[in-house]
Structures are given as C-alpha cells and as structure tokens.
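Computed from a prediction, not measured in an experiment: that's the story for all the values here.
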Amino acid sequence: MDGAKTLLQDLDDAIARGTDESRAKALWHATDLLITGRYVDDEISMFGEVIGRLADEIEVAARTQLSELMAGCDHAPLNVIEKLALDDEIAVAGPVLRDSNRIGEKVLVESAMTKGQAHLLAISQREAIGEAVTDVLVKRGNQEVVTSVARNEGARFSGSGLLHMVRRAEGDSILAEQLGLRKDVPRHIFQQLISKASEDVRRRLGTERPEMMSQIQSSVTEVTGDLQSKFGPSSRSYFVAKRVVTTQYRQGNLNQVSISNYARQHRFDEVQIGLSLLSSLPVDVIERALMDRNREMILVLCKALDFSWDTTMSLLFLGAKDHLITARELHDNERDFSRLKIETSRSILKFYQSRKNSAGADPATGRQPELQVH
C-alpha cells in the first residue's frame, strides 16, 4: 500500500512539472502498473485519480487506446471508466460500452439517453444488458440498434419494452424474426408478434419455433372431439340456445350483462354461442378457451371485449372443473387480467379471427359478424 502510494505521488508530481511527452509516458506507465498489478480498492482509486487527470489532456487516439486497455481490466478505476463511457467520440466510448464489466447500469442509461446511435449500438452488443437499459435502447435506437439488441441473448426486456419491440417489428421482417426467436418472449407477446408478421416470417418462425407455434395454433385449430360441448352441438338444448341467443344478438341486446347472467346460471351453451357472436370466433374455439386449463385465451378474449373482472371471473368459474377455482389461481388470473392491454388483446383476437374466419362464415349465425364491444 505504501509503495503504491509513493509511486503514485511521484507520478502526480511528474504530471504537475512535466511536458506533454512526459505526461503521456506517465499515463502509460500508470496504466501498465494498474493492469499488471494487484491492488486494494483504495489503491485502485488513487490510480484512478492519476489516470483520470492524465486522460483529460490526451488526444482522441490516446484516449481510444486507453479505453481499449481499460475495457478488459476487471479492476479499472470507476471514475476512468465512467469518463470514457460518456466520451462523445464513439472510438473512445465504444470499447468500454461494449466490453467493460466495471461500468454501472446508471452510466449505461445515461449514455443511451444522451449519446448518438453509435453509442447505443455499442451498448446493444454487451454480453449482458438489464431491463432499464433495454427500455431506452428500444425507444431511442434506430433499426440497427433495435435489431442488435433483439439478437442479443444476454439482453433482458421489461413487458413494456417487449410490447414496444412488437410495435416496431410491424413491417420489419428482420426484427420480427429476431424477436420471435427469443426464448424469453412470453406466449401472449409472441401471439401479438405473429398476428402482425408477414406470412414469410410466420413460416420461418414455424420452422425455428415449432413448439411455440403449435401452442398458438392449438388455440385456433378445429376441435376434433376431445373438447365437445357439455351438451353436444347436436342436442336439442343447443339449438334452442342458438336460436334464442342469435335473436338476442340481432336485436342488439347481447352484451356483457347477458353473458355474465348466463355464466352465473351455468348456461354453457348460451355463453359459448354468445361469446362466438361477440368475438367473431367459431363456437369450437370459444369452447376450447372456456375449458382449457390454461386460462390465457379466455382472459385475452374478455379483455378484448372490454369485459369487467367480475364478468371474466364468472366465465372462469363456468369453465373450471366442478366450477371450482382456488384462491391462489383466482388471484393469479386477476393479476394477469389486469396486466393485459385492450389494444394488445384485440390484436391477438384479430389474428384468431383471420385464421379461423377466412375460410367461411361464423358457424353460430351463418355470417361474419363484426367484433362488438359493449
């Protein structure tokens, strides 16, 4: 400790009395000592004071060289790293923004908020990037930056960050594919992504992510008999319900209140026919959504129709086994429902509609009704 302190004092004196050439030599001497030695935090801090003073007086080429050396040093002085990271010259800032493990998230956010696209691109190439940083990158970054961070497996995204990425991926097949290939994209975000993607992107994602695409497709494929209606579509009660609910719909009286009342009375046929009419989805898809143990589809459907939580809850109980749901499950469903956005849910619903209704009319009415929100 004393030896390092004496050495740094000598360097500091040389800085004060020396020429530009002697200062440059002092900089590289101090840098070499720092990189090759082993020091405690106080000593590293003293090196930082000396190197920081010298770095203020050197040209871009020398600062670039210093940045390249500091980027790979796992005990680089924090003040030096911060100064280099916030340098306006990308040649100087780039190495530490990309590679330094000493740079803090606060400095990364500041750089991403205040510097140009080249700085953002360097940050997007880091081995690991936290949500606070990616939130800025996906909002401020250009196409190259956003594509780069989407490709980075070490990047972590917040829910709002992912939704912003989905919006930016509209009309950008490269970004849409890169985002769709990420393993950390939740299913409801993936649904929205492919609902807006081109057929080429859907086909490529179907090849690269068959497990995810099969889950999505299962929500919109024809039921093959394993989830038949509780009363059976060929039963007399079903056709009576169909006639009553269809008339109600045509008269403009089918709405959230009537769906909620049917659900509370456990009138399954009326509910599935009514939801089919209001959502423009076939009855078999509604049936699957109601009875699937994964409640995601019914939550999305209710949010898209702007139903209240009370109505949504009555539909969850209707489709649950023995009409029973644990308090924990109900709490989790309410939390997921509150997080859903109407715009997002309607985008997913439109995707289902396009996949199911493009071949023909709605089975409940014999025509293609528009989405109704009451």
Donor-acceptor pair, [X] side chain versus [Y] backbone, under 3.5 Å?
{"X": "Gln117", "Y": "Arg140", "value": "yes"}
{"X": "Arg156", "Y": "Glu131", "value": "no"}
{"X": "Thr247", "Y": "Arg243", "value": "yes"}
{"X": "Asn255", "Y": "Ser258", "value": "yes"}
{"X": "Thr147", "Y": "Glu144", "value": "no"}

Which residues pass the side chain to side chain contact (heavy atoms under 4.5 Å, CB included) test with [X], not counting sequence neighbours?
{"X": "Ala263", "result": "Val271, Ser314, Leu315, Leu318"}
{"X": "Ser148", "result": "Leu121, Ser124, Gln125"}
{"X": "Glu329", "result": "Ile325, Thr326"}

Is there a continuous path of hydrophobic side-chain contacts, each under 4.5 Å between heavy atoms, that joins [X] to [Y]?
{"X": "Leu254", "Y": "Val257", "result": "no"}
{"X": "Val136", "Y": "Ile123", "result": "yes"}
{"X": "Ile259", "Y": "Ile342", "result": "no"}
{"X": "Leu290", "Y": "Leu340", "result": "yes"}

Return the minimal non-hydrogen interatomic distance between [X] and [Y], and the atom names on each side.
{"X": "Trp309", "Y": "Phe337", "value": "CE3-CD2, 3.7 Å"}
{"X": "Leu84", "Y": "Ser67", "value": "CD1-CA, 3.8 Å"}
{"X": "Arg168", "Y": "Gly141", "value": "NH1-O, 2.6 Å"}
{"X": "Val138", "Y": "Gly161", "value": "CG2-O, 4.1 Å"}

| task | State which residues pass salt bridge (charged side-chain N to carboxylate O under 4.0 Å, His left out) with Arg339; sequence neighbours excluded, sorted by chain then number. | result |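 Salt bridge (charged side-chain N to carboxylate O under 4.0 Å, His left out) list for Arg339, sorted by chain: empty.
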
Could you give the distance from [atom1] ([X]) to [atom2] ([Y]), rounded to the nearest 0.5 Å?
{"X": "Leu108", "Y": "Leu86", "atom1": "CG", "atom2": "CG", "result": "9.0 Å"}
{"X": "Gln272", "Y": "Ile286", "atom1": "CD", "atom2": "CD1", "result": "8.5 Å"}
{"X": "Leu281", "Y": "Leu349", "atom1": "CG", "atom2": "CG", "result": "5.0 Å"}
{"X": "Asn333", "Y": "Ser338", "atom1": "CG", "atom2": "OG", "result": "10.5 Å"}
{"X": "Leu278", "Y": "Ile273", "atom1": "CG", "atom2": "CD1", "result": "12.0 Å"}
{"X": "Leu205", "Y": "Leu193", "atom1": "CG", "atom2": "CG", "result": "6.5 Å"}

| request: Mind running side-chain contact (heavy atoms from CB on, under 4.5 Å) on Phe268 and Met291 for me, showing each step along the way? | output: CA-CA 11 Å; Phe268 193 89; Met291 300 183 66; 3.9 Å; yes

So, do [X] and [Y] sit near enough that their side-chain heavy atoms are less than 4.5 Å apart?
{"X": "Asp135", "Y": "Ser160", "value": "yes"}
{"X": "Arg167", "Y": "His164", "value": "yes"}
{"X": "Val166", "Y": "Leu162", "value": "no"}
{"X": "Met313", "Y": "Leu330", "value": "yes"}
{"X": "Ile81", "Y": "Met70", "value": "yes"}

| request: Any chance you could lay out the side-chain contact (heavy atoms from CB on, under 4.5 Å) test for Ile103 and Arg126, step after step, and finish with the verdict? | output: CA-CA 11 Å; Ile103 189 169; Arg126 290 180 62 79; 3.2 Å; yes

Enumerate donor-acceptor pairs with a distance under 3.5 Å from any side-chain N or O in residues 176-184 to protein atoms, sequence neighbours excluded.
| residue | atom | partner | partner atom | Å |
| --- | --- | --- | --- | --- |
| Glu177 | OE1 | Arg204 | NE | 2.7 |
| Glu177 | OE1 | Arg204 | NH2 | 3.3 |
| Glu177 | OE2 | Arg204 | NE | 3.4 |
| Arg182 | NE | Asp184 | OD1 | 3.0 |
| Arg182 | NH1 | Ala150 | O | 3.0 |
| Arg182 | NH1 | Asn152 | O | 2.7 |
| Arg182 | NH2 | Ala155 | O | 2.7 |
| Arg182 | NH2 | Asp184 | OD2 | 3.0 |

| request: Go through Glu199 and Arg202 one step at a time and tell me if the salt bridge (charged side-chain N to carboxylate O under 4.0 Å, His left out) criterion holds. | output: CA-CA 5 Å; Glu199 285 299 328; Arg202 291 178 190 171; 2.9 Å; yes

Counting only heavy atoms not in [X], do more than 12 sit closer than 6.0 Å to its [atom1] atom?
{"X": "Gln143", "atom1": "CD", "answer": "no"}
{"X": "Ile174", "atom1": "CD1", "answer": "no"}
{"X": "Glu127", "atom1": "CD", "answer": "no"}
{"X": "Gln265", "atom1": "CD", "answer": "yes"}

| message | What I want to find out is whether Asp332 reaches Arg328 closely enough, with some N-O distance under 4.0 Å, to be called a salt bridge. | response |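 Yes, Asp332 and Arg328 are salt-bridged.
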
| task | Please report the C-alpha distance between Leu275 and Leu305 in whole Å, then the side-chain angles of each, then the deciding distance to 0.1 Å, and finally whether the side-chain contact (heavy atoms from CB on, under 4.5 Å) criterion is met. | result | CA-CA 9 Å; Leu275 288 176; Leu305 293 171; 4.1 Å; yes

| request: In sequence, state the C-alpha distance, the side-chain angles, and the governing distance for Leu316 and Leu299, and then conclude on side-chain contact (heavy atoms from CB on, under 4.5 Å). | output: CA-CA 9 Å; Leu316 293 173; Leu299 295 178; 4.3 Å; yes

Can you give the donor-acceptor pairs under 3.5 Å from side chains of residues 87-102 to other protein atoms, not counting sequence neighbours?
| residue | atom | partner | partner atom | Å |
| --- | --- | --- | --- | --- |
| Asp87 | OD1 | Arg63 | NH2 | 3.4 |
| Asp87 | OD1 | Glu89 | N | 2.8 |
| Asp87 | OD2 | Arg63 | NE | 2.8 |
| Asp87 | OD2 | Arg63 | NH2 | 3.2 |
| Asp88 | OD1 | Lys115 | NZ | 2.5 |
| Ser100 | OG | Arg102 | N | 3.1 |
| Arg102 | NE | Ala76 | O | 2.8 |
| Arg102 | NH2 | Ala76 | O | 3.0 |

